[in-house]
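First the proteins, then the strands, lettered A, B, ... as listed; each starts at 1.
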Amino acid sequence: MYIKKATLAIIEELKQLYPDALCSLDYGTDFELLFAVRLSAQCTDARVNLVTPALFARFPTLEDYAQADPKEVGKYIHSCGFYNAKAQDLVTCAQQLLSRHDGKVPDTMEDLTALAGIGRKTANLILGDIYKHPSYVCDTHCIRITGRLGITDGSKDPLQVERQLRKALPPAESTDFCHRMVLFGRDTCTARTAKCEVCALRPYCKMGKKLKID
DNA sequence: ATCCCGAGGG
DNA sequence: CCCTCTGGAT
């Protein structure tokens with residue numbers, strides 16, 4: 001499997017920038033990570049981290065969610081947006097984890113995406129962070145930045161991007177790479193006005209080369 | 001007005 | 001492919 005030199009250079013540069021490629025969501029147990037990721041849909045991680053301490057304290061176990069009134073769960077997560085759907089998903093997902101998986105978070109894409117509210121992006125994150133499988137977390141940051149860098153062809157379709165990243169990245173680097181995309185996307189390669197003038201990846205980036213700085 | 005580590009349904 | 005779900009930050 002051939003990996004482009006530019007891609008390897010980008011990977012190394014990102015390691016320098018972010019030695020710890022950590023998920024920025026706060027959680028204790030495996031299912032709490034699963035739930036925090038569900039809550040993070042169209043919401044900042046910082047916002048999720050603001051509500052999860054009270055949520056996790058009120059509902060410590062899967063049984064607590066499984067028996068909960070979605071209305072009450074919704075109150076704890078209101079500020080994250082999509083709170084009706086998310087609250088119902090946590091309750092249903094907890095019931096499914098208990099009935100289908102003995103209360104354990106499953107370790108296959110098929111089982112994970114069969115759970116309420118768990119799509120491919122969340123499943124990939126769980127496979128990478130909990131089970132240490134090669135994973136391709138194609139969220140808004142990863143899709144935007146790999147497109148700008150020319151690692152992908154610019155497609156916005158998560159499945160397309162995932163297929164392209166599967167060929168473009170060394171599998172052992174994939175999970176950390178995706179986490180670093182998020183960190184990099186928050187502080188440098190931002191959506192609206194990317195800070196190309198201070199970007200360490202500008203030499204490798206089509207978008208950065210276009211603008212004439214200095 | 002646009003974006004935030006999306007998912008599900010038509 | 002499209003649409004809806006939703007609040008908060010910039």
Taking DNA chain B as the partner, which of residues 124-138 of chain A come within under 4.0 angstrom of it by heavy atom? A:Leu125, A:Val137
A:His133 and A:Tyr131 aromatic ring geometry - parallel, tilted or perpendicular at 30°/60° bounds: tilted
Could you tell me if A:Thr52 and A:Asp26 have a donor-acceptor pair between their side chains, going purely by distance under 3.5 Å? no
Measure from the ring center of A:Tyr76 to the ring center of A:Tyr83 and say whether it is less than 6.0 Å. no
Would you give a per-nucleotide map of nucleotides 3-10 of chain C, 5' to 3', where B means the base has a protein non-hydrogen atom under 4.0 Å away, S means only the sugar-phosphate does, and - means neither? --BBBSBB
Please state the P separation for the pair B:dC5 and C:dC3 - nearest whole angstrom. 24 Å
Under a plain distance cut-off of 3.5 Å, with no hydrogens placed, do A:Asp89 and A:Thr92 share a side-chain donor-acceptor pair? no
Using a strict threshold of under 4.0 Å (side-chain N to carboxylate O), is an ion pair present between A:Lys121 and A:Asp139? no
Does one side chain, of A:Asp187 or A:Tyr18, offer a donor that lies under 3.5 Å from an acceptor on the other? yes
Proximity to DNA chain B (any heavy atom under 4.0 Å), residues of residues 156-168 of chain A only: none
Could you check whether A:Asp20 and A:His179, counting side-chain N and O atoms only, form a donor-acceptor pair closer than 3.5 Å? no
Between A:Asp107 and A:Leu127, the two heavy atoms sitting closest are O-CD2, 3.2 Å
Pick the nucleotide of DNA chain B nearest each of A:Ser40 and A:Asp89; which residue has the one closer to the 5' end? A:Ser40
Please figure out whether A:Asp45 or A:Gly117 has its closest DNA chain B nucleotide nearer the 5' end. A:Asp45
With side chain to side chain contact (heavy atoms under 4.5 Å, CB included) as the test, would you mind laying out the steps for A:Cys142 and A:Tyr136 before giving the verdict? CA-CA 9 Å; A:Cys142 182; A:Tyr136 302 81; over 6 Å; no
Show which side-chain atoms of residues 97-105 of chain A pair as donor or acceptor with protein atoms under 3.5 Å away, not counting sequence neighbours.
| residue | atom | partner | partner atom | Å |
| --- | --- | --- | --- | --- |
| A:Ser99 | OG | A:Gln95 | O | 3.1 |
| A:Ser99 | OG | A:Gln96 | O | 3.4 |
| A:Arg100 | NH1 | A:Ala114 | O | 3.3 |

Span of DNA chain B, from the first to the last nucleotide whose atoms fall under 4.0 Å of chain A heavy atoms: B:dT2 to B:dG8
Give me the residues of residues 13-27 of chain A where at least one heavy atom lies under 4.0 Å from an atom of DNA chain B, by number, or none. A:Cys23, A:Ser24
Neighbour count above 12 (heavy atom, 6.0 Å) for A:Lys156 NZ: yes
Return yes if a side-chain donor-acceptor contact under 3.5 Å exists between A:Gln160 and A:Asp153, otherwise no. no
Note: A:Lys75-A:Glu72 ion pair, threshold 4.0 Å (strictly below): no
Can a donor-acceptor pair be found between the side chains of A:Arg166 and A:Ser174 at a distance below 3.5 Å? no
Ion pair A:Lys15/A:Glu173, N-O distance below 4.0 Å: yes
